[in-house]
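Below: one structure, written as structure tokens.
Lettering of chains follows the sequences in order, A, B, ..., and the numbering in each one begins at 1.
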Amino acid sequence: MTSFEDFVSTTGRRVQHALMAALGPEQGDDAAADVLLYAWQHWERVRNMENPAGYLFTIGRRRGWRQRTPRRPLAAPPPMASPPWVEPKLEPALRSLSERQRTVVMLVHGAGWTYAEVASLLGIDRGTAAKHDGRALSRLRDALEVEINA
Amino acid sequence: MPDVESQLQAYWSQIVREHPPITAEDVIAPPPSIIRPDQPTPSAAGRKATDEAPDTPVQTAPGPPMRGARGPRWARPALVAATAVALVGAVLVGLSLRGAGDDPVPAGEPSRPADVEQALATANALGAAIRDHDVAAALDLFAEGTWVTVAQAIQTRFAMPLEDYAEILVYFDAQDALHTSWACEPDEPGAVEPSLEQGVTVTCRYETSDAVVRAVDAAPIPAEVTLVVGADGIREYDEVTGAPTVHGPFKEWMEEHHRGEVALVGVGGWVSRDEAAEAGRLLRERASEWAQELADSGCTLENLHACDPN
């Protein structure tokens, strides 16, 4: 039987990633902390679910939306030898996507999830996930190229 | 410039670096007094004081403080709710026990025990209140501190406090939702006769439709509610509604065409009481616009996934 500690380190991490992808890093991180506490408080039920990640993600989205906490600016990152360069317009471009498009494109291309994994989390078909991804990439390309060429 | 995919990887690595994994120790910190009997016993190492519930009787332990956002933010309200439920429950159960002998089932009356009849009456009163959008009447039927569980699929269940459920009912009113065919049955009696003291389980079925469903002439959505009715009111409310065949596509259309209104309209979520009237008006307007666009593009609910009006 899965222990709660194991659950948090595996499924919990996936839920944290998914909520950060959907809601933004700060709000998603807070929502993940909330839903994992919820999972602990309802552990007997959660541990027996077929898809606890999808369940907690759904609750987290709702809680994140309900809290409506203002976006906090990104904290200064800890020192890193050679931080990767990120196009400054990427974050606003991501925010311009629909939540579902943003979730899919971030999890697939950022976190390395498969379409099947994303589809399972979101409760959608694999093909639908791919469709969201394609649209999101297209919009991101347009947004970044427009900004650069302007 | 680098391709979008590599930019996403770089951005993601930055996010992950700034947000380390949440650990079980971050999570497990409820004060012992609110741990329910069916919960596992948390490890002693996981219990820590929090900065959000300083006046709760938490067990403190050496170690680094929790990050502010990761305290057990439910601890204080949960403790208050648990205490209130315990007190109210004790009083009402006491009253129930004291009055149990005052109102016996009349001799010769067939059928159900009085407690089951009362549970059914409570369930039907809830149905009437929901149908009439009478939020106050509906809430009066619940035991204090009840959490409402609502689901649109077996694996996606939302547990919410009563005040959030009240907001849903207000929103139902604002969007002129229709709730029809409410019909309840008690659970089959088991070895022990059902009693309000222990809680009588009643299952009710009904159908619901809102502006979106009606705009595209979709079938009403079936719903099933399981209630546990006690002497102090409805103690458990667990609702499972039919698959959201209409609201999902509508929300996606809203995100494509009216992204700034999605949160206000509340599709797939709910809205605050202050926003309910405006949200309901806007939902009806956008539902009508969506239905018109579907009709103009030749898309139907049946071929929606294969049909791209864009």
Side-chain angles (χ1 to χ4, degrees), chain A residues 4-5 7-9 12-13 16-17 20 25 28-30 32-34 36-44 49-52 54-55 58-59 62 65-66 74-75 77-78 80 83-87 90-91 94 96 98-101 105-106 109-111 123 125 127-128 137 140-141 144-145 148, chain B residues 1-19 21-30 34-36 38-40 42-43 46 67 69-75 78 153-160 164 248 251-252 254-256 259 262-263 268-270 305 308:
Chain A
F4 184 71
E5 286 75 12
F7 176 83
V8 171
S9 66
R13 183 60 168 160
Q16 184 186 9
H17 282 181
M20 289 195 298
D29 195 39
D30 283 356
D34 267 356
L36 289 174
L37 174 61
Y38 176 89
W40 166 245
Q41 291 172 327
H42 301 81
W43 179 232
E44 285 306 308
M49 289 180 172
E50 286 182 21
N51 184 11
Y55 170 70
T58 306
I59 291 182
R62 179 163 289 209
W65 183 82
R66 289 277 299 155
L74 283 176
M80 192 174 178
W85 179 79
V86 178
E87 161 61 46
L90 179 64
E91 189 176 352
L94 281 167
S96 75
S98 72
E99 182 187 304
R100 184 150 288 187
Q101 288 173 343
V105 80
M106 288 283 281
H109 300 286
D125 294 338
T128 304
L137 284 176
L140 288 176
R141 287 191 187 103
L144 297 183
E145 286 171 5
I148 285 170
Chain B
M1 65 168 290
D3 60 89
V4 170
E5 289 88 341
S6 65
Q7 283 292 293
L8 287 167
Q9 286 178 7
Y11 180 57
W12 186 256
S13 69
Q14 181 178 321
I15 290 173
V16 170
R17 182 161 47 92
E18 293 163 357
H19 299 87
I22 299 172
T23 67
E25 287 191 358
D26 287 331
V27 175
I28 302 174
I34 68 166
I35 297 174
R36 298 173 186 167
D38 62 341
Q39 288 179 330
S43 65
R67 285 183 285 181
R70 291 185 178 172
R73 59 189 60 198
W74 290 16
I154 295 301
Q155 293 300 326
T156 54
R157 309 175 75 81
F158 314 114
M160 67 187 80
D164 284 351
K251 185 178 181 184
E252 291 187 3
M254 284 289 294
E255 287 183 333
E256 291 285 339
R259 186 176 303 119
V262 171
W270 65 88
H305 279 293
D308 189 350

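Counting heavy atoms from C-beta on, the side chains of A/L90 and B/L8 come closer than 4.5 Å. For the pair B/Q14 and A/E91, the minimum side-chain heavy-atom distance is 4.5 Å or more. Under the 4.5 Å side-chain criterion, counting only non-hydrogen atoms from C-beta, B/E5 is in contact with A/L137. With contacts defined as side-chain heavy-atom distances shorter than 4.5 Å, the pair A/E87/B/V4 does not qualify.
Atom CD in B/Q7 sits 10.5 Å away from atom CG in A/L140 (nearest 0.5 Å). Taken from CD in A/Q101 to CD in B/E255, the straight-line distance is 7.5 Å, to the nearest 0.5 Å. For the atom pair A/D29 CG and B/E18 CD, the distance stands at 10.5 Å (nearest 0.5 Å). Between atom NZ of residue B/K251 and atom OG of residue A/S98 there is a gap of 9.5 Å, rounded to the nearest 0.5 Å. Rounding to the nearest 0.5 angstrom, the gap separating the OH atom in B/Y11 from the CE atom in A/M106 is 5.5 Å.
A salt bridge between A/R100 and B/E252 is present, with a side-chain N of the basic residue lying under 4.0 Å from a carboxylate O of the acidic one.
Side-chain rings of B/W12 and A/H109 stay apart, their centers remaining 6.0 Å or farther from each other.
Listed by chain and residue number, nothing satisfies the salt bridge (charged side-chain N to carboxylate O under 4.0 Å, His left out) test with A/R13 (two or more places apart in sequence, or in another chain). Applying the salt bridge (charged side-chain N to carboxylate O under 4.0 Å, His left out) test to A/E99 and every residue at least two apart in sequence or in another chain returns A/R61.
Scanning all heavy atoms of the two residues, the minimum distance from B/H19 to A/P25 falls at CE1-CB, 3.4 Å. Taking all atoms of both residues into account, the shortest heavy-atom contact from B/A24 to A/V8 is N-CG1, 3.6 Å.
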(request) Could you walk me through whether B/V16 and A/H17 pass side-chain contact (heavy atoms from CB on, under 4.5 Å), step by step? (result) CA-CA 8 Å; B/V16 170; A/H17 282 181; 4.0 Å; yes
